[in-house]
Amino acid sequence: MLQLSYIRENKEDVLKRLAIKNFKDAENIINSIIELDNNRKSAQRLADDVKAEANGLAKQIGELMKSGKKEEAETLKAKTADLKGKEKEFDETLKTIEQDIHKILVTVPNLPNITVPVGKTPEDNEVVNEHGAIPTLHAGATPHWELTTKYDLIDFELGVKLTGAGFPVYKGKGARLQRALINYFLDKATSKGYNEVQPPILVNADSGYGTGQLPDKEGQMYHCQVDDLYLIPTAEVPITNMYRDVILKESDLPIKNCGYTPCFRREAGSYGKDVRGLNRLHQFDKVEIVQIAHPDKSYEILENMREFVSSLLQELELPYRTLKLCGGDMSFGSALTYDLEVWSAAQGRWLEVSSVSNFETFQTNRLKCRYKDANGKTQLAHSLNGSALALPRIVASLLENNQTEAGIKIPKVLVPYTGFDMIN
RNA sequence: GGAGAAAUGGCAGAGUGGUCGAUUGCGGCAGUCUUGAAAACUGUUGAACCGUGAGGUUCCUGGGGUUCGAAUCCCUAUUUCUCCGCCA
């Protein structure tokens, strides 16, 4: 959620940057926010004045009662009756206006960083770098959904029987590979100073609002209606919400957490060939890194996080490229996002495996995650997160890229975790 | 699931209808002392909104109510604790 004061004071800048995100009808929406805010101010003034008067009278009545001047007190009491009605009325007006502002404000996306490329579709994303040689496969090489069957690593049909499409069952070396990747990712993250946490994978609505999944992506989360809890679409939600309503010390920053969780996404509206095999699942595993940062340091930290994720892909010997997302392809809450994509050799295309974003104050404003600066003033911190990494597409490209006629080779760094160096 | 108790500032813990945004202690910050640190002493120390300012308003778990006036009384939700039951 954007800060009202920023919108008020930087209207032109807000409009300019919302345009980069292709936010429709921005001018009307911003104007109505500013107008409502002006109404709010005058409404509060009225309400405050009435209350001040009522408070003053109540105090006088108290003093009169004490000194035994009952009659005088009664005359004053009569005067307060009128104020009471007004107080209620003004309070309600103020509340309504505040709700109206909030309702609109939560629909406005974050302002993109000034360096974000203009564009509408994924084709407009800027390729920052490409790393690693594209492998040439032997004749008869197949996509991962055939390899997983051939070596009995993942049973998609069995998942359909148990739950439905997009809930695969990992088996044998397939299951072991999952566990190996999770442990490897967590070990790398903790060695870089990230504190490992194991959060709940169901969260309440407050947490959903805190990180911006609600109300923007309501339909994308699984919702347990009986208890009004949501299955997390990413560990970002619980881990970032740990800092909801918290005032940190400046010296605490940056705070670095990582965590493994399963992630659940309804993926309403997705279909077609892109969803085959491991490409798009309803349940998948991911290790997430999250930082709460000082505003002056957040972009430096974003680069560090991107480099960390890159280093994982390099160690796994997977060809990858880095994209700087254009305004149209960025998520609702992000100010700047890098996507990292691995090359899927048998499918012949890039697969997104990580998204690293700086949210600046967009999440922390809603979260009320602040720190005290050197002058003792409370300031909003910046929040950042990134996947490090999401498993399914890593597995897909590992299987496809490393397939040989003799079997699938496991990258060296993973062997201590898997306990085998070949799937055959 | 049943019965009872409780929820106050970063933490601990007073406060049972008016002068309480809230005693006190710890912690934090600043100063005195010290070569420096510790100790001791002194001062200071919650958040949000409105206002150029003086100042005003709101917040004692959330929501509602009683009252001229609520941290304090009532209702309700949530959470925590204790006992019983059940259970990985």
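Model, not experiment: these values are computed from the prediction. Reminder, nothing fancy here: chain letters follow the sequence lines and each chain counts from 1.
Checked by atom type, the side-chain pair A/Gln220/A/Tyr230 shows no donor-acceptor distance below 3.5 Å. Looking only at atom types and distance, the side chain of A/His294 has a donor-acceptor partner in the side chain of A/Glu250 under 3.5 Å away. Residues A/Thr361 and A/Gln3 bring a donor and an acceptor atom of their side chains to less than 3.5 Å of each other. Looking at A/Lys21 and A/Asn110, their side chains never bring a donor and an acceptor atom within 3.5 Å of each other. At a cut-off of 3.5 Å, with distance as the only test, a side-chain donor of A/Arg244 or A/Ser207 sits close to an acceptor on the other residue. A donor atom on one side chain and an acceptor atom on the other are not found under 3.5 Å apart for A/Thr190 and A/Glu196.
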With the criterion being N/O to N/O and under 3.5 Å, what pairs connect the protein with nucleotides 76-79 of chain B, and how long is each?
none

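B/U35 sits 50 Å from B/C49 when the C1' atoms are compared, rounded to a whole Å. A distance of about 9 Å separates the C1' atoms of B/U8 and B/G15, rounded to the whole Å. Comparing the C1' positions of B/U16 and B/C84 gives an interatomic distance of 32 Å, to the nearest angstrom. For the P atom pair drawn from B/U61 and B/A14, the interatomic distance equals 15 Å after rounding to whole Å. Rounded to a whole angstrom, the distance from the P atom of B/A22 to that of B/A71 is 12 Å.
Each of A/Ile247 and A/Leu57 lies near RNA chain B, and the nucleotide nearest A/Ile247 is the one positioned closer to the 5' end. Checking A/Ala81 against A/Ala58, the closest nucleotide of RNA chain B that is more toward the 5' end is the one next to A/Ala58.
To the nearest angstrom, C1' of B/G18 lies 10 Å from CE of A/Met65. In this structure, CD1 of A/Ile61 is placed 11 Å from C1' of B/G18, rounded to the nearest angstrom. Rounded to whole Å, atom P of B/G18 lies 16 Å from atom CG of A/Leu64. Residue A/Tyr371 contributes atom OH, which lies 18 Å from atom C1' of B/G28 at whole-angstrom precision. Between the CG atom of A/Leu380 and the C1' atom of B/A47 there is a distance of 13 Å, given to the nearest Å.
Annotation for A/Gln198: atom CD does not count as buried by contact number, only 12 or fewer foreign heavy atoms lying within 6.0 Å.
For A/Lys372, no side-chain nitrogen or oxygen approaches OP1 or OP2 of B/U45 to under 4.0 Å.
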| task | Going 5' to 3' through nucleotides 48-67 of chain B, assign each nucleotide B (protein heavy atom under 4.0 Å from a base atom), S (under 4.0 Å only from sugar-phosphate atoms) or - (no protein heavy atom that close). | result | SBSS----BSS-----S---
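Ion pairing of A/Asp124 with A/Lys120 is absent here, as no side-chain N (NZ or NE/NH1/NH2) approaches a carboxylate O to less than 4.0 Å.
With A/Arg370 contributing its side chain and A/Ile247 its backbone, the two residues share no donor-acceptor pair below 3.5 Å.
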